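Everything numeric in this text was worked out from a predicted model, so none of it was measured. In the text below, chain A, chain B and the rest are named by the order of the sequence lines, each starting its count at 1.
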Protein chains: 2
Amino acid sequence: MATLSDVAAEAGVSPTAVSRYLNNRIDLPQATRDRIDAAIAKLDYRPNLLARRLSTGKSEAFALVTPDIANPFFAELAAAVERQAHASGYSVYITSTGGHADAEINAIRRMADSHVDGLIMTTNRVDDGSLANLLAGRENVVLLDEDIDGVSVPRVFVDNAEGTYLAAQHLIAMGHRDIALIGGPHRLMSVNERLAGFTRAMDEAGLPVRPGWVLLGDYTRDYGVAAASVLLDAVDPPTAILACSDYIAIGVMQVVREYGLSIPNDISLVGFDDMAFAALVDPPLTTIRQPVAAMGELAVKHLLALLEGQTPPAETRLAVELVTRQSVAAPSR
Amino acid sequence: MATLSDVAAEAGVSPTAVSRYLNNRIDLPQATRDRIDAAIAKLDYRPNLLARRLSTGKSEAFALVTPDIANPFFAELAAAVERQAHASGYSVYITSTGGHADAEINAIRRMADSHVDGLIMTTNRVDDGSLANLLAGRENVVLLDEDIDGVSVPRVFVDNAEGTYLAAQHLIAMGHRDIALIGGPHRLMSVNERLAGFTRAMDEAGLPVRPGWVLLGDYTRDYGVAAASVLLDAVDPPTAILACSDYIAIGVMQVVREYGLSIPNDISLVGFDDMAFAALVDPPLTTIRQPVAAMGELAVKHLLALLEGQTPPAETRLAVELVTRQSVAAPSR
DNA sequence: TCAGCTATGTAAAGCGCTTTACTAGCGATA
DNA sequence: TATCGCTAGTAAAGCGCTTTACATAGCTGA
């Protein structure tokens with residue numbers, strides 16, 4: 001690979017001149033510029049980014065750490081982040097952690113070591129303080145999708161409470177009174193908020209939130225299966241289930257089918273996320289749509305603002321939307 | 001951030017000593033080692049990867065370029081690649097190109113500029129030669145999932161022909177004689193091979209491959225919709241459709257439903273890929289499973305072998321598998 | 001007593017770039 | 001004619017690390 005010095009030698013100028021020319025830090029006469037351009041073309045020179053980064057301390061890149069890139073939700077988020085970053089001339093390095101604390105810590109470390117300019121962090125765990133510690137005081141981090149307690153960096157979230165509020169309202173409007181909620185991990189911000197939204201809707205309708213009908217575990221299909229089994233095994237099962245993720249909803253569907261029941265005739269179901277498959281399942285799932293692309297874009301914009309010394313909003317809430325399909329009907333009894 | 005020199009000063013030795021100690025290139029007495037360790041701990045020193053890479057020319061990292069990280073197939077592939085790479089102490093930098101030629105070229109360039117040790121390349125386009133050009137002669141590249149004409153680097157593919165052969169055989173065994181195939185982009189390796197496997201099964205069964213029943217376009221839902229419409233509009237539609245991707249199959253399902261027909265009663269359908277949603281749609285889709293995790297792992301292993309100067313197989317074919325669900329039945333007429 | 005080891009390091013160059021000074025030469029001005 | 005200012009650059013240090021070659025002190029054996 002040709003170096004800057006090679007180009008300089010070929011063009012008959014100093015490396016300094018070439019460097020400054022390439023970085024628009026010098027005005028050279030046309031003749032000199034032509035010689036340099038010719039030398040670059042002839043030698044097929046491309047600057048060594050490593051050297052440049054080492055020298056400047058800037059990388060024109062940032063990191064995205066994500067729990068699981070194979071999960072379509074995070075994959076779409078990643079795609080959106082990447083799109084927006086590229087549009088701004090930045091590269092993005094994605095790492096998935098499998099949702100393990102040590103992997104997250106390592107990823108953050110590695111990212112910091114590789115001297116990226118900034119970090120967009122998504123997680124799906126409740127932090128025990130180590131993440132907060134690692135992130136404390138950093139001026140180049142934004143949190144996306146899920147909160148980490150005690151971290152005061154800009155955050156981009158969705159209006160979780162509004163989502164479940166809309167979903168519950170919809171079920172109530174359809175005539176349901178016996179509604180259960182299946183949610184993600186206890187104490188996770190999104191879980192708390194989704195539970196709160198649900199509770200508010202129920203309260204407003206004068207309906208009780210039965211403790212046995214609020215099941216918190218994981219945003220996974222497996223947990224949907226487990227929770228739905230508990231619900232359907234009861235002598236007096238709910239007529240509607242609000243699943244706090246489409247994955248949970250899928251698990252619920254499976255169990256309902258196994259019990260020989262039908263959605264929406266016997267049980268109504270609402271999901272959360274509006275993942276690509278939500279429209280494809282049987283019946284197509286009524287769900288709460290998260291504006292994934294907008295979330296990714298906004299996170300990047302806020303990170304860029306941060307890097308430019310501006311102060312983006314401490315917390316942004318993006319609106320969600322109820323998408324009505326065919327998994328909700330009036331209760332039969 | 002503390003530097004190597006800071007540590008050296010703190011420990012009362014030279015930077016050289018610290019560097020060599022950290023890289024196991026020197027035997028130091030216990031006392032000195034302790035002092036260095038203490039200094040590192042005290043200063044919270046972590047080596048600057050950029051500087052190290054610049055100095056050694058190695059990065060302990062490689063790149064994965066992929067058409068679309070939001071596509072679950074590539075996302076799962078990426079997850080597998082990442083898992084295996086991390087297990088070997090490598091980082092991986094993922095870029096998605098949106099399947100655009102110039103984005104692919106840029107990604108490869110950027111990756112080369114960032115001095116990663118190697119590159120795993122996936123594409124879903126027919127190359128016009130520019131990719132082949134860029135990749136020619138490189139000793140640190142492996143091709144995954146799809147071929148690029150004229151590139152002689154190790155390749156990891158799936159047995160595409162066997163997949164459609166199995167699928168067609170299954171349909172034939174169920175009694176179908178009028179079978180159509182909907183495939184991806186014309187001239188793409190996987191498309192050719194899947195068509196070939198289909199043709200072989202039909203030939204062996206003495207059945208004709210009707211030209212009007214082989215539709216090549218894209219591995220997308222939209223193309224599935226378009227192609228299925230063509231097929232069902234005909235006076236004499238096929239009794240079974242072999243969709244060369246689950247996305248295509250989803251499109252087909254949609255059209256079949258819109259025509260007031262039912263799968264599998266009126267039309268049988270087989271997909272390809274076994275994406276996560278294949279089991280979730282209605283009816284659950286019979287499809288060909290690709291061993292995505294194994295593909296990713298193998299690509300990494302071959303790349304590592306390459307980096308160690310070994311010669312991995314020029315081409316590896318991984319076996320696919322027919323997964324029988326409920327989208328195939330005997331033809332009604 | 002001294003050459004020759006061994007143990008324990010160190011000095012300095014180099015990776016490829018950026019950046020902060022500084023300068024040679026020349027025409028214009030006072 | 002001395003000075004100023006402008007044009008068109010350059011020299012050298014520095015980013016943080018690795019690596020090659022060399023150095024010193026103390027010990028051993030003859």
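- Between Arg33(A) atom CZ and dG9(D) atom P there is a gap of 11 Å when expressed in whole angstrom units.
- A distance-only check finds no donor-acceptor pair linking the side chain of Glu10(B) to the backbone of Ile40(B) [under 3.5 Å].
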For nucleotides 26-28 of chain C, which of its nitrogen or oxygen atoms have a protein nitrogen or oxygen under 3.5 Å away, and what is each distance?
none

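- No hydrogens or angles considered: nothing links the side chains of Thr32(A) and Tyr21(A) as a donor-acceptor pair under 3.5 Å.
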> With the sugar-phosphate defined as primed atoms, P, OP1 and OP2, and the base as all remaining atoms, what B/S/- string results for nucleotides 12-19 of chain C, 5' to 3', for protein heavy atoms under 4.0 Å?
Replying inline: B-BBBBBB

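- Side-chain N or O atoms of Glu104(B) include none that pairs as donor or acceptor with a backbone N or O of Leu131(B) at under 3.5 Å.
- Heavy atoms from other residues, nucleotides or ligands lying under 6.0 Å from CZ of Arg33(A) number more than 12.
- Contact between Ala132(B) and Asp127(B) at its shortest, heavy atoms only, is N-OD2, 3.0 Å.
- In this structure, the CD1 atom of Ile26(B) is 13 Å from the C1' atom of dT6(C), given to the nearest Å.
- A 6.0 Å sphere centred on CG of Asp37(A) holds more than 12 heavy atoms belonging to other residues, nucleotides or ligands.
- Here CD of Glu60(B) is found 8.0 Å from CZ of Arg53(B). Values are rounded to the nearest 0.5 Å.
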> Passes side chain to side chain contact (heavy atoms under 4.5 Å, CB included), Asp147(A) versus Phe157(A)? Steps please.
Replying inline: CA-CA 8 Å; Asp147(A) 201 15; Phe157(A) 302 144; 3.6 Å; yes

